[in-house]
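Below: the structure, in structure tokens.
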Amino acid sequence: MKKQPVLITDAARSQDEQFRSRQIRYVTMMGLRAVCLIIGAVLISVHPPLLALWLILCAAGMVTLPWMAVLIANDRPARSKAERAAAAAEREKPQPSLTQHTDEQVEYLTIDADWTTRPSPERERERER
């Protein structure tokens with residue numbers, strides 16, 4: 001008999017385990033949809049009392065189950081307390097900001113429309129030499 005290892009960590013389940021459990025839930029729900037279809041076909045052939053009500057319930061199951069299956073299959077497991085605490089601490093950590101400079105420390109460059117056709121002051125000085 002194979003013994004299961006004892007879980008002694010707070011680590012989350014592996015991605016493969018999470019994916020496998022989502023696959024099982026999806027296939028189960030889609031199987032229920034197929035059962036709704038089969039029950040609807042049997043009900044039509046048997047003609048039980050309140051046939052319209054039973055068919056509406058089967059149709060509702062066939063329409064809503066795929067939608068719910070996709071939502072559940074794409075959902076990740078809920079975060080643990082440790083993960084929520086780590087995310088809150090990350091949000092509260094101060095974000096780095098840009099350093100502020102005074103107007104005297106900043107040199108502004110003004111570019112006008114003639115800038116590409118007119119030579120720069122440095123080039124004019126070089127030509128004069």
Side-chain angles (χ1 to χ4, degrees):
M1 190 162 130
K2 188 177 179 181
K3 289 186 176 182
Q4 291 289 333
V6 177
L7 183 64
I8 59 170
T9 181
D10 289 336
R13 292 180 7 203
S14 71
Q15 293 291 329
D16 291 335
E17 288 178 33
Q18 291 177 15
F19 182 67
R20 180 73 181 143
S21 68
R22 291 195 315 259
Q23 280 180 331
I24 291 170
R25 282 184 279 174
Y26 180 81
V27 169
T28 303
M29 293 182 83
M30 295 309 284
L32 286 172
R33 179 184 187 214
V35 169
C36 285
L37 178 66
I38 293 169
I39 289 173
V42 169
L43 286 173
I44 288 176
S45 65
V46 174
H47 292 289
L50 301 172
L51 176 63
L53 176 65
W54 291 112
L55 290 177
I56 289 172
L57 289 174
C58 286
M62 288 187 296
V63 169
T64 59
L65 279 172
W67 173 70
M68 290 187 302
V70 169
L71 288 179
I72 291 172
N74 288 332
D75 192 21
R76 69 177 291 275
R79 295 191 307 179
S80 67
K81 283 186 178 182
E83 289 174 322
R84 288 192 304 264
E90 186 68 29
R91 283 191 305 267
E92 291 176 3
K93 189 169 64 170
Q95 298 293 325
S97 61
L98 297 174
T99 56
Q100 298 294 323
H101 297 285
T102 62
D103 290 339
E104 294 83 31
Q105 295 172 331
V106 178
E107 179 181 329
Y108 294 100
L109 175 63
T110 305
I111 301 174
D112 59 4
D114 297 332
W115 182 72
T116 56
T117 59
R118 197 171 38 188
S120 67
E122 292 85 16
R123 286 188 181 171
E124 288 180 8
R125 285 186 214 127
E126 288 177 6
R127 287 184 186 170
E128 292 174 2
R129 291 182 192 174

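The figures that follow rest on heavy atoms only: side chains count, while hydrogens, waters and symmetry mates do not.
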Original post:
Going hydrophobic residue to hydrophobic residue with side-chain gaps under 4.5 angstrom, can you get from Trp67 over to Leu65?
Top reply: yes
Original post:
Met62 and Arg33: which non-hydrogen atoms are nearest, and at how many Å?
Top reply: O-NE, 3.0 Å
Subject >> Path from Leu71 to Leu32 over hydrophobic side-chain contacts below 4.5 Å >> reply: yes
**OP:** Please step through side-chain contact (heavy atoms from CB on, under 4.5 Å) for the pair Gln23 and Phe19, ending with a clear verdict.
**Re:** CA-CA 6 Å; Gln23 280 180 331; Phe19 182 67; 3.0 Å; yes
Subject >> Interatomic distance, Leu43 atom CG to Cys36 atom SG [nearest 0.5 angstrom] >> reply: 10.5 Å
Original post:
Does Leu53 share a hydrophobic cluster with Ile39, counting links as ILVMFWY side-chain heavy atoms below 4.5 Å and allowing steps through other members?
Top reply: yes
Original post:
CD/Gln15 to CZ/Arg20 distance, rounded to the nearest 0.5 angstrom?
Top reply: 16.0 Å
Original post:
Which heavy atom of Cys58 sits nearest a heavy atom of Gly40, and at what distance?
Top reply: SG-N, 3.9 Å
Original post:
So if you build clusters from Ile, Leu, Val, Met, Phe, Trp, Tyr with side-chain heavy-atom gaps below 4.5 Å, do Val70 and Met30 land together?
Top reply: yes
**OP:** Treating Ile, Leu, Val, Met, Phe, Trp and Tyr as nodes and any side-chain heavy-atom pair under 4.5 angstrom as an edge, say whether Ile44 and Val46 lie in one connected cluster.
**Re:** no
**OP:** Go through the steps for Lys93 and Glu90 under the test salt bridge (Lys or Arg N to Asp or Glu O under 4.0 Å), then give the verdict.
**Re:** CA-CA 5 Å; Lys93 189 169 64 170; Glu90 186 68 29; 3.6 Å; yes
Original post:
Where is the tightest heavy-atom contact between Gly61 and Pro66, given as atom of each residue plus distance?
Top reply: O-CD, 4.2 Å
